[in-house]
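Below is one structure, written out as structure tokens; comments come after it.
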Amino acid sequence: MFIRCENLVKIYKLVDDAELMALQGLDVEIAEGEMVGIVGASGSGKSTLMNVLGGLIQPTAGSVIVNGRPLLKLTEPQLDRYRRDEVGFVWQQSTRNLIPWLNALENVEYPMLMAGKSRQQARERATELLTLVDLEERMSHHIEMMSGGEQSRVAIAIALANNPSLLLADEPTGELDTRTAQLIYDLFRQLNRDLNLTTLIVSHDPGIARHVDRVISIRDGKLAGETIRSRPKPNSPDDNDKGDNNSEEEAEERFEELTVLDGTGRLQIPEEMRDEFGLVRRVRLERTDEGVLIKPIDQASSSENQPTKEIDAKQSPTSDKEGGRLRRWLRGDEG
Ligand code: ADP
Ligand code: MG
């Protein structure tokens, strides 16, 4: 595994001694050369994960191994080297860090000159990088004269300057229109293939699954689910023969949303399913021929389930009576 996060926890200390648990025991594995999308509501911990993987913040607990390096155990100089040699970043609004009055070439050269490269080395590498992101015709254009998509390409070229093995992009297409975003995803894919670049892209775009190998979704600082591309099974062995009439069907991609088990066997059942099937607090697991069935407990007949039922009833506006009983029960007035 190129990246392995186990039980990753990140707690931010807030001003008034309060704490915020941004990652709550996250388990993620990513193979070398894989291109993965990361989705999740705002505040679910996506950027925190990217910062941890980039070596920019230390997690509070758990383990992260990237390309054989245990990030929690690295010394400061080792972490510096990791950030410098191993990782490329495309940050949210990274185009704002470009210098508007310099041209594309100068913008890519600038960080390399700061890092001590000679003018000639920087020029050669910058030319190479801008060619890689399909901007060879636009190198002498000033940033302020470039479109949003072109500016993103310049930011990506800069991220690739150190020839990283891991590319982290945090909402790189957030400010682009759909068509331009599509082209940027295509570019990420091309770089992923040509450079064998393990690539993680945080996105709000629900359509990201089409552009990546796998999408992982994060909820409340934990891995909640995965979407994979599922290939339809071939109907018969002859399918490989010619079957031009099949190609259209084959081109149609299917996606399958999977739920993830953590290392201790816990899984999260989506809220819609819990609501639909009345899965509250306790459920019954039954073995069937196909697998494990998660069944609601028949609440009326289950006395042990009563407190849960009444808490539920309390939240319903039509059951004041039950709510009153619950309150009395909580006070201990009622057995
Ligand atoms: P996302 O990128 O999914 O929107 P973040 O990783 O940025 O989520 O944030 C996760 C949670 O951690 C949020 O509640 C956010 O407010 C909090 N958070 C992020 N960075 C910091 C920080 N430097 N200090 C304190 N809290 C933070
Ligand atoms: Mg974020």
Side-chain angles (χ1 to χ4, degrees), residues 33 35 47 50-51 53-57 66-67 69 74 76-177 180-203:
M35 182 161 162
S47 295
M50 298 298 258
N51 281 307
L53 292 175
L56 295 171
I57 59 174
V66 182
N67 204 6
R69 298 176 207 229
L74 299 188
E76 228 8 87
Q78 286 173 322
L79 259 182
D80 276 344
R81 228 170 303 137
Y82 168 78
R83 281 189 291 259
R84 198 188 58 211
D85 300 340
E86 204 79 47
V87 195
F89 293 107
V90 183
W91 292 128
Q92 212 165 346
Q93 302 165 348
S94 54
T95 55
R96 295 212 182 141
N97 296 327
L98 301 174
I99 303 163
W101 61 87
L102 294 183
N103 68 28
L105 195 61
E106 290 159 341
N107 265 278
V108 182
E109 284 171 355
Y110 179 73
M112 293 192 238
L113 294 173
M114 292 290 107
K117 276 212 161 95
S118 75
R119 285 211 165 264
Q120 197 201 337
Q121 280 175 320
R123 173 113 331 170
E124 277 170 16
R125 182 71 178 136
T127 307
E128 192 178 43
L129 290 164
L130 286 166
T131 307
L132 212 54
V133 298
D134 301 325
L135 281 183
E136 59 269 52
E137 312 284 320
R138 312 277 289 162
M139 290 199 257
S140 57
H141 286 68
H142 283 199
I143 292 295
E144 57 199 351
M145 306 302 284
M146 294 185 133
S147 68
E150 287 169 336
Q151 292 182 8
S152 294
R153 286 170 193 270
V154 176
I156 294 168
I158 292 172
L160 298 175
N162 57 348
N163 200 15
S165 58
L166 173 63
L167 185 66
L168 302 171
D170 196 347
E171 302 193 31
T173 61
E175 292 173 356
L176 302 175
D177 61 78
T180 309
Q182 175 109 17
L183 294 171
I184 294 297
Y185 286 131
D186 291 345
L187 173 62
F188 278 123
R189 175 53 91 187
Q190 178 195 322
L191 296 168
N192 162 257
R193 288 206 178 122
D194 294 352
L195 308 175
N196 189 33
L197 189 60
T198 307
T199 306
L200 269 62
I201 306 175
V202 172
S203 174

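Just so we're clear, the structure is a prediction, and the values are computed from it rather than from any experiment.
The shortest distance between side-chain heavy atoms of Leu195 and Leu132 falls below 4.5 Å. Counting heavy atoms from C-beta outward, Pro172 and Ile201 have side chains that approach closer than 4.5 Å. Using a 4.5 Å heavy-atom cutoff, the side chains of Asn103 and His141 are not in contact. Proximity of Met35 to Arg189: side-chain heavy atoms (C-beta onward) are separated by under 4.5 Å at one or more points. Side-chain atoms of Gln92 and Met50, non-hydrogen and from C-beta on, never get closer than 4.5 Å to each other. For the pair Arg69 and Glu86, the minimum side-chain heavy-atom distance is below 4.5 Å. A heavy-atom distance below 4.5 Å is not found between the side chains of Thr198 and Asn67. Side-chain atoms of Arg153 and Leu183, non-hydrogen and from C-beta on, do get closer than 4.5 Å to each other.
Phe188 is linked by a ring-ring contact (aromatic ring centres under 6.0 Å, His included) to nothing, counting only residues two or more places apart in sequence or in another chain.
Contact record, Pro164 with Leu197: O-CD1, 3.1 Å, taken as the closest heavy-atom pair. Listed here is the closest heavy atom pair of Leu53 and Leu166: O-CD2, 4.3 Å. Closest heavy-atom contact between Tyr185 and Ser203: OH-OG, 3.0 Å. The minimum heavy-atom distance linking Glu136 with Met139 is given by the pair O-CE, 3.5 Å. Contact between Asn162 and Val87 at its shortest, heavy atoms only, is ND2-O, 3.1 Å. Of all the heavy atoms in Thr95 and Ser152, the pair that sits closest is CG2-N, 3.6 Å.
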Using a 3.5 Å cut-off and no angle test, enumerate the donor-acceptor pairs between side-chain atoms of residues 144-151 and protein atoms at least two apart in sequence or in another chain.
{"residue": "Ser147", "atom": "OG", "partner": "Glu150", "partner atom": "N", "Å": "3.2"}
{"residue": "Ser147", "atom": "OG", "partner": "Glu150", "partner atom": "OE1", "Å": "3.4"}
{"residue": "Glu150", "atom": "OE1", "partner": "Arg138", "partner atom": "NH2", "Å": "3.1"}
{"residue": "Glu150", "atom": "OE1", "partner": "Ser147", "partner atom": "N", "Å": "3.0"}
{"residue": "Glu150", "atom": "OE2", "partner": "Arg138", "partner atom": "NE", "Å": "2.8"}
{"residue": "Glu150", "atom": "OE2", "partner": "Arg138", "partner atom": "NH2", "Å": "3.3"}
{"residue": "Gln151", "atom": "NE2", "partner": "Ile143", "partner atom": "O", "Å": "3.0"}
{"residue": "Gln151", "atom": "NE2", "partner": "Met146", "partner atom": "O", "Å": "3.3"}

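We find the CG-CG distance between Asp186 and Asn192 to be 12.0 Å, quoted to the nearest 0.5 Å. Between the CG atom in Asn107 and the CD1 atom in Ile99 there is a gap of 5.0 Å [rounded to 0.5 Å]. Here CZ of Arg84 is found 12.0 Å from CG of Leu79. Values are rounded to the nearest 0.5 Å. The line from CZ of Arg125 to CD of Glu109 is 12.5 Å long, rounded to the nearest 0.5 Å. We find the CG-OG distance between Leu56 and Ser47 to be 11.5 Å, quoted to the nearest 0.5 Å. Between Arg123 atom CZ and Met112 atom CE the span is 10.5 Å, to the nearest 0.5 Å.
The main-chain N or O of Gln121 is found under 3.5 Å from a side-chain atom of Ser118 such that the two form a donor-acceptor pair.
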Quiz prompt | Working for side chain to side chain contact (heavy atoms under 4.5 Å, CB included), residues Leu191 and Thr199 | solution = CA-CA 9 Å; Leu191 296 168; Thr199 306; over 6 Å; no
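Exactly one of Leu98, Val133, Leu129 qualifies for a side-chain contact (heavy atoms from CB on, under 4.5 Å) with Ile158. That residue is Leu98.
Counting heavy atoms of neighbouring residues, nucleotides and ligands inside a 6.0 Å radius, atom OH of Tyr110 does not exceed 12 of them.
Between Glu106 and Arg119, none of the side-chain N atoms (NZ, or NE/NH1/NH2) sits under 4.0 Å from a carboxylate O, so this pair counts as no salt bridge.
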